[in-house]
Amino acid sequence: MKLKKQFFLNDVLEVAPYLLGKTLVRRFEDGTIKKYIITETEAYRGEEDLACHCSKGKTQRTSIMYEEGSKIYVYLIYGMYWMLNFVCYNEGEPQAVLIRGIVGFDGPGKLGKELQINKEFNEKEISNCEKIWIEDNNKTAKYTTKPRVGIDYAGEIWKNKLWRFILDENI
DNA sequence: GCTGAGATTCTT
DNA sequence: AGAATCTCAGCA
């Protein structure tokens, strides 16, 4: 069954690890439906988190993260890769979980390409979207935590946070 | 308006 | 180590 909106109102540090092992379902333009197991996520949490886009405050790009949880946040990085995120927690407190890996497509850029993610997904409702959704299995997966990737600019405190969650069986 | 850098990946 | 390639933020 689909993950409910309520689930994304929790703190991102609860949401990110819980998403591991869950099934990400994508309905493509031609009607084909494919399912992928989520293997890796990363948490970005609040304006004080220097690695979070919201550390620079509310802008046109980041305004979606200030809304209530369960919205999809998509953006283009390095001019070629679409990143897929889900907004978490309460309105006014920006948090998001980045999907970094799914079975068979290890890396946020690769999975964005495979899922054919584009700017049209931005600001959609993940709990009520006909193109993409997540299926719950009511299980808690075993996982390993590591520092986040690609954020050396965030400073020692935030760089060393263990907010990257990796599904154990996939290592 | 222009410039620099980025939650990446693939090639040299 | 560097290119590919585009959007946004910051500054003029």
Side-chain angles (χ1 to χ4, degrees), chain A residues 3 7-8 10-22 24 26 34 36-90 92-126 129 132 134 141 143-167 170-171:
Chain A
L3 268 184
F7 168 71
F8 291 95
N10 289 308
D11 192 290
V12 67
L13 294 181
E14 293 181 37
V15 174
Y18 189 80
L19 285 179
L20 295 172
K22 299 297 178 291
L24 186 63
R26 172 75 165 100
K34 282 192 180 179
Y36 308 87
I37 305 293
I38 298 173
T39 59
E40 189 174 337
T41 61
E42 255 178 29
Y44 290 87
R45 189 168 185 269
E47 292 184 342
E48 68 272 18
D49 177 5
L50 294 181
C52 182
H53 288 162
C54 291
S55 63
K56 295 191 174 73
K58 191 173 182 177
T59 65
Q60 186 169 18
R61 180 205 206 181
T62 63
S63 65
I64 180 66
M65 276 204 268
Y66 287 79
E67 291 184 27
E68 195 173 63
S70 79
K71 291 288 197 303
I72 301 176
Y73 169 42
V74 163
Y75 68 92
L76 188 67
I77 192 69
Y78 302 122
M80 28 176 32
Y81 298 107
W82 292 98
M83 301 284 122
L84 176 63
N85 307 255
F86 303 122
V87 177
C88 296
Y89 212 51
N90 303 320
E93 306 208 35
Q95 296 188 358
V97 49
L98 166 68
I99 307 300
R100 283 194 63 88
I102 53 179
V103 171
F105 300 90
D106 189 21
K110 289 187 206 168
L111 77 88
K113 187 177 178 185
E114 163 66 19
L115 296 173
Q116 297 175 26
I117 299 300
N118 57 60
K119 63 184 177 186
E120 290 177 18
F121 286 82
N122 200 33
E123 303 190 13
K124 287 237 189 293
E125 171 65 50
I126 184 60
C129 180
I132 190 169
I134 297 171
Y143 59 88
T144 302
T145 55
K146 291 190 175 175
R148 293 176 290 179
V149 174
I151 54 158
D152 285 348
Y153 59 85
E156 293 301 316
I157 296 176
W158 300 101
K159 196 170 80 176
N160 296 326
K161 292 279 185 192
L162 299 177
W163 286 354
R164 179 183 178 203
F165 306 92
I166 304 168
L167 190 64
N170 195 52
I171 294 176

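Residue numbers begin at 1 in each chain, while the letters A, B, ... track the order of the sequences.
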Problem set entry | A:Tyr44 and A:Ile151: CA distance, side-chain angles, deciding distance, side chain to side chain contact (heavy atoms under 4.5 Å, CB included) verdict | CA-CA 11 Å; A:Tyr44 290 87; A:Ile151 54 158; 4.1 Å; yes

Exercise. OP1 or OP2 of C:dA9 less than 4.0 angstrom from a side-chain nitrogen or oxygen of A:Thr59, does that happen here?
Worked result: yes

Exercise. Is the aromatic ring of A:Tyr44 within stacking range of B:dA7, meaning centres under 5.5 angstrom and planes under 30 degrees?
Worked result: yes

For this session: Could you summarise the pairing of DNA chain B as dot-bracket text, marking Watson-Crick and G-U pairs under 3.5 Å with ( ) or [ ] inside the strand and | across strands?
Result: ||||||.||||.

For this session: Figure out the CE/C1' separation between A:Met83 and C:dT5, and round it to whole Å.
Result: 13 Å

Exercise. Rounded to the nearest 0.5 Å, how far apart are CZ of A:Phe7 and CD1 of A:Ile134?
Worked result: 7.5 Å

Seminar exercise, completed: Separation of B:dG6 atom C1' from A:Tyr73 atom OH, nearest Å, is 11 Å

For this session: Provide, to the nearest angstrom, the distance between the CH2 atom belonging to A:Trp82 and the P atom belonging to C:dA4.
Result: 20 Å

For this session: State whether a side-chain donor-acceptor pair under 3.5 Å links A:Glu47 with A:Tyr66.
Result: yes

Seminar exercise, completed: Residues A:Val87 and A:Glu68: closest non-hydrogen pair is CG1-O, 4.2 Å

For this session: Take atom NE2 of A:His53 and atom P of C:dG10, then tell me their distance rounded to the nearest Å.
Result: 13 Å

Exercise. So which of A:Leu98, A:Val12, A:Asp49 actually passes side chain to side chain contact (heavy atoms under 4.5 Å, CB included) with A:Trp163?
Worked result: A:Asp49

Exercise. Touch check for A:Leu98, heavy atoms < 4.0 angstrom, all strands: base, sugar-phosphate only, or nothing?
Worked result: base

For this session: Name the nucleic acid region contacted by A:Gly109, choosing base, sugar-phosphate or nothing; use a 4.0 angstrom heavy-atom cut-off, strictly under.
Result: sugar-phosphate

Problem set entry | Gap between atoms CE and P, on A:Met80 and B:dG6 respectively (whole Å) | 17 Å

Exercise. Would you say the base of B:dA7 and the side-chain of A:Tyr75 have a donor-acceptor pair closer than 3.5 Å?
Worked result: yes

Problem set entry | Nearest-angstrom distance from the residue atom CG of A:Asn85 to C1' of B:dT8 | 14 Å

For this session: Round to a whole Å and report the spacing from CG of A:Leu76 to C1' of C:dC8.
Result: 11 Å

Exercise. Quick one: on DNA chain B, does A:Gly79 or A:Lys110 contact a more 5' nucleotide (nearest heavy atom)?
Worked result: A:Gly79

For this session: For A:Leu111 and B:dT8, give me the distance from atom CG to atom C1', rounded to whole Å.
Result: 11 Å

Exercise. Do the charged groups of A:Glu42 and A:Arg148 touch, with an N to O distance under 4.0 Å?
Worked result: no

Exercise. Between B:dT8, B:dG6, C:dA9, which nucleotide has the shortest distance from any of its atoms to the side chain of A:Arg100?
Worked result: B:dT8

Exercise. Is the Lys NZ or Arg CZ of A:Lys22 less than 6.0 Å from the centre of A:Tyr18's six-membered ring, within 45° of the axis?
Worked result: yes

Seminar exercise, completed: Picking from B:dG6, C:dG10, B:dT9, the nucleotide nearest the side-chain atoms of A:Lys56 would be C:dG10

